[in-house]
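Worksheet: one structure, shown below.
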Amino acid sequence: MMIPEILLNNGVAVPAVGFGTYKAPDDAEGREAVRRAIACGYRLIDTASLYANERAVGQAIAESGVGRDELVVTTKVANADRGYDSTLRAFDRSAQALGLDYVDLYLIHWPASAAVADDWQRINAETWRAMCRLLSEGRVRAIGVSNFGREHLDALARESDIVPAVNQIEFHPGWMQLDTLSRCREADIAVEGWSPLGRTRVLNDPLLVSIARAHGRSVAQICLRWAVQHGVIPLPKSLHAERMAQNINLFDFSLSPTEMAAIDAMPPTGQSGLTPDNVDFR
Ligand code: A2P
């Protein structure tokens, strides 16, 4: 299965759909899931130090038989490691656990926000300064953020000329975060979508079910195709080979403008409820 690519604002090419590893455990089962995902065609692999599975992900990459330069490996700095020095140290730990001498895409997992810290802008700016250093040292090929809303992106832009290459946000039918999406488009920040199936909470939605029937596709494929047509890079996760394959089989059909508009107009559905203001993993 050939997956088309999207060019990030710094020229790095990434696949239009990736594999999320949030559910993969740091053991033989997790390793096998990632190994299988690579075997069935995924080239963008998304982990985070918070997922505590970087070792298994790294082993799967090493065993995959796919060239390192064909893979786009993403990991993220956790909330507890925000700040300049601690981000640099966290990166070293992640790279070591992954067994990689460079990471393709390194993200700030969650922004510090006003509800969490009075000096949230300074904290994000310091974390970002460390990310920029990693980029200039060639230890990462691209840097970005995750779960940043407009206010966090605006604040960062006041502190740094280096625009994030990516913002990874919760994105699925019923939760498209339009304001953040348009802020990213204005600044040429590529958007990746986590929980593109709404962690299965949207899979029984009657509108999505009827569109899926009309195309002879699964509801999951409709959710993912909708993301792709919005230019968003979905990161579905599954531990099952058949679903992994289904979730990248998205490029031989398309949704009509009417279907896209109908999905866009869905009322809030299936969102996790996680926001920068209520997530503090320290
Ligand atoms: P499983 O690992 O058993 O396949 P999200 O990516 O939105 O967070 O959703 C992840 C959940 O969706 C997982 O529980 C996964 O379960 C399930 N899932 C992944 N792909 C599919 C699919 N094609 N059809 C149905 N459920 C899926």
Side-chain angles (χ1 to χ4, degrees), residues 1 3 14-48 50-53 56-57 60 74-76 107 109-110 146-147 166-177 181 191-230 232-253 255 263 266 268-275 279 281:
M1 175 63 55
I3 301 176
V14 301
V17 52
F19 184 69
T21 65
Y22 175 61
K23 292 218 346 166
D26 200 26
D27 58 14
E29 188 196 359
R31 195 171 78 212
E32 179 56 19
V34 176
R35 200 197 54 73
R36 231 186 255 153
I38 296 172
C40 93
Y42 289 86
R43 292 294 177 266
L44 168 56
I45 308 294
D46 184 272
T47 183
L50 193 77
Y51 304 167
N53 62 10
V57 170
T74 306
T75 193
K76 314 185 189 84
L107 308 181
H109 204 145
W110 288 89
S146 183
N147 300 300
V166 161
N167 186 17
Q168 183 183 128
I169 60 174
E170 181 175 358
F171 186 87
H172 50 77
W175 199 248
M176 62 186 298
Q177 307 204 59
L181 194 62
V191 176
E192 293 184 328
W194 61 262
S195 273
L197 313 178
R199 194 79 34 95
T200 72
R201 287 181 290 260
V202 300
L203 297 184
N204 293 322
D205 180 86
L207 170 71
L208 297 175
V209 169
S210 75
I211 294 175
R213 281 214 188 100
H215 287 272
R217 299 282 171 157
S218 71
V219 176
Q221 287 174 308
I222 300 304
C223 296
L224 297 167
R225 179 69 207 183
W226 171 80
V228 165
Q229 284 185 224
H230 274 301
V232 172
I233 301 164
L235 304 170
K237 44 190 167 300
S238 175
L239 297 178
H240 296 100
E242 186 273 327
R243 287 174 175 170
M244 289 177 189
Q246 185 190 116
N247 293 348
I248 48 173
N249 186 7
L250 308 172
F251 302 100
D252 58 351
F253 76 106
L255 301 174
I263 300 174
M266 277 171 60
T269 312
Q271 66 271 34
S272 67
L274 298 176
T275 76
V279 167
F281 292 118

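Numbering of ligands and ligand atoms starts at 1, following listing order. The basis for the numbers below is simple: all heavy atoms, side chains too, and nothing from hydrogens, waters or symmetry mates.
A distance-only check finds no donor-acceptor pair linking the side chain of Asn249 to the backbone of Ala245 [under 3.5 Å].
Ring-plane geometry between Phe171 and Trp226 is classed as parallel, the angle between the planes falling under 30 degrees on a 0 to 90 degree scale with a further cut at 60.
Residue Ala241 comes nearest to Arg36 through the heavy atom pair CB-CD, 3.5 Å, listed as atom of the first residue, atom of the second, then distance.
By the 4.5 Å heavy-atom criterion applied to side chains, Leu208 and Leu203 are not counted as neighbours. At least one side-chain heavy atom of Pro236 sits under 4.5 Å from a side-chain heavy atom of Pro196.
Applying the salt bridge (Lys or Arg N to Asp or Glu O under 4.0 Å) test to every pair with at least one member in residues 203-223, sequence neighbours left out, gives these pairs: Arg217-Asp252.
Annotation: ligand 1 has protein neighbours Lys23, Ser195, Pro196, Leu197, Gly198, Arg199, Thr200, Leu203, Ala220, Pro236, Lys237, Ser238, Leu239, His240, Arg243, Gln246, Asn247, each with a heavy atom less than 4.0 angstrom from the ligand.
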